[in-house]
Amino acid sequence: MISVRDLKLAYGKRVLFEEVNLNFTKGNCYGVIGANGAGKSTFLKILSGEIEPNKGTVEITPGERMAVLKQNQFGFDEVTVLDTVLMGHTRMWAIAKEREALYAKEDFTEEDGIQAGHLEHDYGEMGGYTAESDAATLLSELGVKESFHQSLMKEIPSNLKVRVLLAQALFGNPDILLLDEPTNGLDIETISWLENFLADYENIVLVVSHDRHFLMLSAHMWPMWTGRK
Ligand SMILES: Nc1ncnc2c1ncn2[C@@H]1O[C@H](COP(=O)(O)OP(=O)(O)O)[C@@H](O)[C@H]1O
Ligand SMILES: [Mg+2]
């Protein structure tokens, strides 16, 4: 669950929102709507911790994992398509790297062995052993063919990049999913895939979209955002 209490954000004298009190609960997809400049993106950035509010708090149930659709298409230029998706699960990715570094050590000690045991346990719990094939399946479902999976992000066309970034956000079924204008740059087929994906999604989704058709199909309820009070 995400609990928002008495949230306020202003840029100078311009109050985007204040006294916002909301709970977002499991199993619901919330459509965030409002005019351009109303503060939708800012609101999502506060939820993800990218921006500090002027007032109020955002609390997330401990242990819940949040994933955010990245907006910067060039943020993973030097990373392969498959790794870009895997990096969406930041904790699992960190453990994978820690494991690699540990096993690469020349002087592997007894303590290293114990540490490796802990890492293997956590990695397995998170689904690490099937992560690569899960990521590959998700990519293929989103129309990113296997021949692209080992390409660098900078080498693939931008219509594929948006799908990879979407796969990154969805990878590993995060408890909380924040999607700001996810249909931008997507073809009709992928939008329709995403509608179905979100309609069946059992965790929390917040989606900003101008596309009413998309919202109606994917959001269970959307009586919320009108920007400024
Ligand atoms: N860092 C900032 N400094 C000052 N004003 C900002 C900043 N970021 C956004 N704004 C302004 O806040 C308003 C809300 O922006 P945004 O959240 O991007 O709106 P939306 O996503 O609803 O279109 C806009 O008027 C924008 O110009
Ligand atoms: Mg916006």
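Just so you know, ligand 1 is whichever comes first in the structure, and atom 1 is the first atom listed for that ligand.
In this structure, R163 pairs ionically with D187, as a charged nitrogen and a carboxylate oxygen lie closer than 4.0 Å. Under 4.0 Å is where a charged nitrogen must lie from a carboxylate oxygen, and between K154 and E78 at least one such pair does.
At a threshold of 2.8 Å, the Mg ion (ligand 2) has no backbone or side-chain N, O or S atom of T42 nearer than that distance.
Of all atoms in ligand 1, listed by their number and element, those nearer than 4.0 Å to a heavy atom of R14 are 13 (C), 24 (C), 25 (O). Close contacts between ligand 1 and A35 involve ligand atoms 22 (O) [criterion: under 4.0 Å to a heavy atom]. For ligand 1, the atoms lying closer than 4.0 Å to a non-hydrogen atom of N36 are 23 (O).
With hydrogens and angles disregarded, a donor-acceptor distance shorter than 3.5 Å links the side chain of R65 to the backbone of G172.
Residue L16 has no N or O atom closer than 3.5 Å to an N or O atom of ligand 1.
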Apply salt bridge (charged side-chain N to carboxylate O under 4.0 Å, His left out) to residues D6 and K55 and explain how you reach the verdict. CA-CA 7 Å; D6 197 21; K55 194 178 164 193; 3.5 Å; yes
Would you check, one step at a time, whether the test side chain to side chain donor-acceptor pair (under 3.5 Å) holds for T109 with D112? CA-CA 5 Å; T109 64; D112 289 336; 3.2 Å; yes
Set out, in order, the CA-CA distance, both residues' side-chain angles and the distance that settles side chain to side chain contact (heavy atoms under 4.5 Å, CB included) for I2 and E64, then state yes or no. CA-CA 10 Å; I2 312 176; E64 291 196 342; 5.9 Å; no
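Atom 17 (O) of ligand 1 is flagged as protein-proximal [any protein heavy atom, distance under 4.0 Å]. For atom 26 (C) of ligand 1, no protein heavy-atom neighbour is present inside the 4.0 Å cut-off.
Under 4.0 Å from ligand 1, not a single heavy atom of K45 appears.
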